[in-house]
Structure formats: structure tokens, C-alpha cells
Amino acid sequence: MASELPEPQDPVVSFESEELIRVDSEDRDSGYVSKAEAHDGHGLLHRAFSLFVFNERGELLLQQRSRGKRLWPGYWANTCCSHPRRGESMAEATRRRLRQEIGISCELEFLYKFRYQADFGELGAEHELCWVYVGTSSAPVEVNRNEVEAWRFVAPADLDDELAATPGIFTPWLKLEWQRLRSDYRDRLPGPRRRASQRSSEQA
């Protein structure tokens with residue numbers, strides 16, 4: 001009688017020992033620090049990125065963070081967030097992490113970067129100089145279950161409503177970034193409205 005094979009395990013892609021890039025307030029490199037140390041206490045300022053990937057209908061892909069994460073476990077966040085590692089460019093890091101965590105690849109457009117700090121009680125904090133990108137993908141989503149508890153697509157107006165009604169279920173960086181995207185970069189967000197505008201411009 002054949003034995004049952006174990007379910008395939010998703011790869012582990014995050015390590016507390018991985019070296020992140022420390023930066024100053026002007027985003028200049030100032031050395032390296034382990035991921036664990038970067039998030040201890042009130043956090044050490046380090047370089048990070050935050051990705052907002054939309055589908056062809058202009059809906060944003062949200063992920064619910066794994067319950068096993070040290071910071072904000074089970075909270076809803078944008079498509080993908082992480083850090084470039086020592087010796088890794090931002091372009092390399094964003095492509096790697098989007099593929100490892102969400103299972104997709106797409107072109108990403110850099111919009112802006114900002115500094116923020118947020119404490120998560122005694123468990124640590126985020127203190128990041130974060131680069132924010134947007135992109136569009138029609139590829140099927142295949143999440144890494146070590147990183148992602150659940151995922152869903154949401155229309156921008158519906159996300160506005162959810163953030164107003166239940167802000168406590170979302171990560172602090174999503175709330176900060178989404179507010180900025182909707183106020184300062186609305187015309188650069190992917191979606192049907194943007195493509196229609198581009199077609200009209202091309203025909204003029």
C-alpha cells in the first residue's frame with residue numbers, strides 16, 4: 001500500500017538574520033543591520049519598498065499578512081512589502097519579493113519615497129525609508145503561505161470605504177501610502193480610467 005505524500009511546503013523566504021540596508025534621513029547608505037535588529041525597540045531606519053499591483057479592472061490586490069509574522073500578523077496590507085538585502089538593488093529586490101510572495105512578475109513604476117515609524121507594542125516597530133511602486137498584472141496569484149494568510153482584489157472606492165469604517169484591520173503603512181496615492185497620484189494609478197485617458201490622448 002502506497003504511503004500518502006506530504007503536502008508540498010512553500011519555501012521560507014524571510015530570515016531574521018538577513019542583512020538589510022541602513023540609511024539616513026536622505027536615504028544614503030549607512031551600513032547594514034540584521035532584519036531582527038532593524039525591527040527591535042522603536043526600529044532602526046532602513047530601506048524598504050511597498051508595491052501596489054492592480055488587475056486589468058483597476059482593482060488593487062490586497063494581502064492579509066501571515067499570522068506567524070512578528071509585526072502586524074493577520075492585518076491587511078497592500079500587495080507586497082519588504083526590503084532590499086545587502087548588495088541588492090531595488091529593482092532586483094522588488095522583482096524577487098513579488099515573485100516569492102505573490103507568484104507574479106510585472107513592470108513596476110516608482111512613484112515616491114517617504115520615511116515613517118510605527119510601533120507594534122513590545123514586539124518591535126517599523127522604521128523605514130520606503131519606496132512606493134505601482135504596477136498592473138493579469139497573471140494568476142499564487143501566494144506563499146508562509147507570508148500570506150489570504151488575499152483579495154478590491155476596487156479603490158471600496159477600499160476607501162473600508163479604511164474609513166474599519167481602519168484597525170489594516171497596517172499603518174497601507175493607510176499612509178493609500179492616502180498619498182489617492183490624493184497626489186490618482187492619475188498615475190493603473191486601471192481602466194487611466195487606459196481610457198491614454199487612448200483619448202493618443203487619438204487627439
Side-chain angles (χ1 to χ4, degrees), residues 9-53 60-90 92-102 110-133 143-152 159 162-163 166-181:
Q9 297 295 308
D10 290 338
V12 176
V13 297
S14 297
F15 307 93
E16 290 291 274
S17 61
E18 63 187 76
E19 288 189 294
L20 308 186
I21 303 166
R22 289 195 68 177
V23 294
D24 64 16
S25 59
E26 300 300 319
D27 198 25
R28 294 178 294 227
D29 294 10
S30 61
Y32 306 99
V33 64
S34 73
K35 180 182 173 183
E37 293 173 311
H39 296 94
D40 286 343
H42 296 294
L44 299 174
L45 186 61
H46 57 281
R47 189 171 293 142
F49 59 82
S50 202
L51 313 182
F52 289 74
V53 178
L60 175 64
L61 174 58
L62 294 180
Q63 66 151 284
Q64 185 182 29
R65 289 165 60 81
S66 166
R67 304 279 179 182
K69 284 189 174 290
R70 171 182 173 184
L71 302 179
W72 285 276
Y75 285 67
W76 285 92
N78 48 294
T79 311
C80 180
C81 305
S82 192
H83 323 87
R85 295 168 175 167
R86 180 173 186 167
E88 189 176 40
S89 70
M90 190 63 81
E92 292 169 332
T94 53
R95 286 195 298 267
R96 170 184 58 79
R97 191 62 177 198
L98 187 59
R99 185 174 60 252
Q100 290 177 335
E101 195 165 305
I102 308 297
F110 170 74
L111 293 185
Y112 71 96
K113 56 185 173 180
F114 77 112
R115 176 180 177 175
Y116 80 97
Q117 193 276 339
D119 290 335
F120 191 65
E122 297 179 354
L123 295 178
E126 294 286 6
H127 191 188
E128 298 183 335
L129 201 303
C130 189
W131 299 39
V132 180
Y133 294 80
V143 300
N144 184 321
R145 291 168 292 180
N146 291 317
E147 299 292 327
V148 180
E149 186 83 12
W151 60 273
R152 60 190 171 101
L159 180 55
E162 288 190 40
L163 286 166
T166 56
I169 69 171
F170 296 96
T171 61
W173 58 89
L174 168 63
K175 289 181 278 192
L176 292 169
E177 292 161 1
W178 186 246
Q179 181 182 37
R180 179 86 179 270
L181 289 176

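Numbering starts at 1 and runs along the sequence shown. Everything numeric here is computed off the predicted structure, so don't read it as measured data.
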Those residues at least two apart in sequence (or on a different chain) that pass side chain to side chain donor-acceptor pair (under 3.5 Å) with Arg95 are none
Hits for side chain to side chain donor-acceptor pair (under 3.5 Å) against Ser89, two or more places apart or cross-chain, chain-then-number order -> Glu92
Once ring-ring contact (aromatic ring centres under 6.0 Å, His included) is applied, do any residues pair with [X], and if so which ones, sequence neighbours excluded?
X      : answer
Tyr112 : Phe114, Tyr185
His83  : His39, His46
Tyr32  : none
Trp178 : none

Could you list the residues that satisfy side-chain contact (heavy atoms from CB on, under 4.5 Å) with [X], not counting sequence neighbours?
X     : value
Tyr75 : Trp72, Phe120, Thr171
Ser66 : Lys69
Ser34 : Ala36, Glu37
Glu26 : Asp24, Arg28

For residues [X] and [Y], report the shortest heavy-atom separation together with the two atoms involved.
X      : Y      : result
Gln63  : Thr79  : NE2-O, 3.0 Å
Val132 : Leu181 : CG1-CD2, 4.3 Å
Lys113 : Leu129 : CD-CD1, 3.9 Å

Between the OG atom in Ser82 and the CZ atom in Arg96, the distance rounded to the nearest 0.5 Å is 5.5 Å
The complete set of salt bridge (charged side-chain N to carboxylate O under 4.0 Å, His left out) pairs with one or both residues in residues 117-127, sequence neighbours excluded, reads none
With sequence neighbours left out, the residues meeting salt bridge (Lys or Arg N to Asp or Glu O under 4.0 Å) with Asp29 are Arg47
